[in-house]
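Everything below concerns the one structure shown next.
Residue numbers start from 1 in every chain, and the chains themselves are labelled A, B, ... in the order their sequence lines are given, proteins ahead of strands.
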Protein chains: 2
Amino acid sequence: MTMLRNTRQRQAVLEALRDTRTHPDAAWLHQAVRRQLPSISLGTVYRTLDALVRDGVAVTIESAGQATRYDFRHDEHHHAVCRHCGAIFDVAVRDVPRPKPEALPGGFQVADVRLEFHGICAACQLSEANRHGEASTTTP
Amino acid sequence: MTMLRNTRQRQAVLEALRDTRTHPDAAWLHQAVRRQLPSISLGTVYRTLDALVRDGVAVTIESAGQATRYDFRHDEHHHAVCRHCGAIFDVAVRDVPRPKPEALPGGFQVADVRLEFHGICAACQLSEANRHGEASTTTP
DNA sequence: CTACTTGCAAAGATTTTGCACCTCA
DNA sequence: TGAGGTGCAAAATCTTTGCAAGTAG
């Protein structure tokens with residue numbers, strides 16, 4: 001089996017992710033971590049995030065055509081994603097019902113349940129109402 | 001306002017998507033539609049899929065680092081995604097509970113609820129058990 | 001007619017990888 | 001010391017876009 005090492009790079013990425021509530025993407029985290037470790041590469045950030053996700057320490061939030069964003073797994077919660085500006089909000093929903101076993105494909109082993117509410121955030125509803133169209137893109 | 005035209009390309013993409021249960025990606029659909037319209041371009045497929053999604057006729061299923069996959073919106077159903085091979089299965093779960101209004105960010109307007117079960121499908125559990133490791137990647 | 005569409009090809013963006021050099025355990 | 005990890009830069013993917021030419025209404 002492979003052994004995971006505890007390197008400064010991994011520490012830094014983990015801490016940066018844990019201390020952020022903006023559901024950042026890899027590039028954002030890379031910039032953030034550079035303040036501590038100026039030489040860390042984007043590739044390492046990706047590799048670290050991969051490991052965190054595989055370990056179940058973090059989860060990903062994907063939006064079509066956008067960079068994957070990462071979320072440190074605090075308590076059970078889910079996400080509201082704004083179609084307009086891409087903002088991601090935490091939503092406290094506990095006890096999401098699992099489907100009846102017969103609804104799942106035979107033998108499928110569920111490791112993770114994701115519930116996402118897609119729609120338009122308040123700010124974007126306003127800007128839509130005013131100037132008729134146009135998107136204000138708020139990236140992490 | 002812009003008016004949507006009914007072109008052969010759009011017809012073909014819509015039909016190809018409607019008649020498929022594999023949750024295909026854009027490239028797969030492009031190949032499929034080429035049998036009818038050999039000259040259709042991948043760009044057009046992407047543009048058409050975009051329109052279908054905006055119209056609510058289709059939904060996307062994103063997996064980190066993978067091509068976005070598309071699903072014609074039949075009845076209310078959700079998805080089980082295999083981490084190993086990427087296969088996507090339909091799961092019949094009706095009446096997914098909406099969060100209490102106060103759980104959502106103020107004023108957020110929900111347009112779409114997505115529930116995804118991530119895990120390992122039966123086939124991949126077997127191949128994991130046998131040869132200890134290794135992934136069989138089944139792309140659409 | 002003419003505003004919307006398409007094909008094409010090039011540009012963009014995101015993510016992965018090979019390799020030689022480090023470094024934690 | 002040696003199995004992992006890192007940096008760098010190039011490559012691989014996936015998706016979007018500008019533009020000239022086509023076409024539905």
*Does C:dT16 have OP1 or OP2 sitting under 4.0 Å from an N or O in the side chain of A:Arg47?*
no
*Specify the separation, in whole Å, of atom CD1 of B:Ile61 and atom P of D:dC14.*
16 Å
*Can you tell me how far the OH atom of B:Tyr70 sits from the CD atom of B:Glu62, to the nearest 0.5 Å?*
8.0 Å
*Measure the distance from CG on A:Leu42 to C1' on D:dA10 and round it to the nearest whole Å.*
14 Å
_First of B:Thr48 and A:Gly65 reached from the 5' end of DNA chain C, by closest nucleotide_ = B:Thr48
*Starting at atom CD1 of A:Ile40, determine the distance to atom P of D:dG7, rounded to an integer number of angstrom.*
5 Å
*Under 4.0 Å: is that the gap between some side-chain N or O of B:Tyr46 and OP1 or OP2 of D:dT16?*
no
*Is any side-chain nitrogen or oxygen of B:Thr44 closer than 4.0 Å to OP1 or OP2 of C:dG7?*
yes
*In sequence, state the C-alpha distance, the side-chain angles, and the governing distance for A:Phe72 and A:Leu14, and then conclude on side-chain contact (heavy atoms from CB on, under 4.5 Å).*
CA-CA 8 Å; A:Phe72 185 84; A:Leu14 177 59; 3.7 Å; yes
*Mind checking whether A:His79 and A:His77 have parallel, tilted or perpendicular rings, split at 30° and 60°?*
perpendicular
*Measure from NE2 on A:His30 to P on C:dT15 and round the result to the nearest Å.*
14 Å
*asked:* Reading DNA chain D from 5' onward, which residue's closest nucleotide shows up sooner: A:Arg34 or B:Ala67?
replied: A:Arg34
*So, is A:Gln9 near the phosphate of C:dC24, with a side-chain N or O under 4.0 Å from OP1 or OP2?*
no
*Taking atom P of C:dT6 as reference, at what distance in whole Å does atom CG of B:Leu49 sit?*
12 Å
*Using atom CG of B:Leu37 as one end and atom P of C:dC8 as the other, report the distance to the nearest whole Å.*
12 Å
_Under 4.0 Å from OP1 or OP2 of C:dC24: is there any side-chain N or O of A:Arg10 that close?_
no
*Show your working on side-chain contact (heavy atoms from CB on, under 4.5 Å) between A:Ile40 and A:Val13 and close with a plain yes or no.*
CA-CA 10 Å; A:Ile40 191 174; A:Val13 171; 4.2 Å; yes
_D:dA24 phosphate, OP1 or OP2, under 4.0 Å from B:Thr7 side-chain N/O_ = no
*Distance test, side-chain N/O of A:Thr68 to OP1/OP2 of C:dT15, below 4.0 Å*: yes
*Separation of A:Gln66 atom CD from C:dT15 atom C1', in whole Å?*
15 Å
*So, are B:Arg114 and B:Asp71 salt-bridged, with charged N and O less than 4.0 Å apart?*
no
*asked:* Could you check whether the side chain of A:Arg5 and the base of D:dG5 have a donor-acceptor pair of N or O atoms closer than 3.5 Å, going by distance alone?
replied: no
*Name the residue closer to the 5' end of DNA chain D, choosing between A:Arg8 and B:Asn6 according to the nucleotide with the nearest heavy atom.*
A:Arg8
_Rounded distance in Å - CG (A:Leu4) to C1' (D:dG4)_ = 9 Å
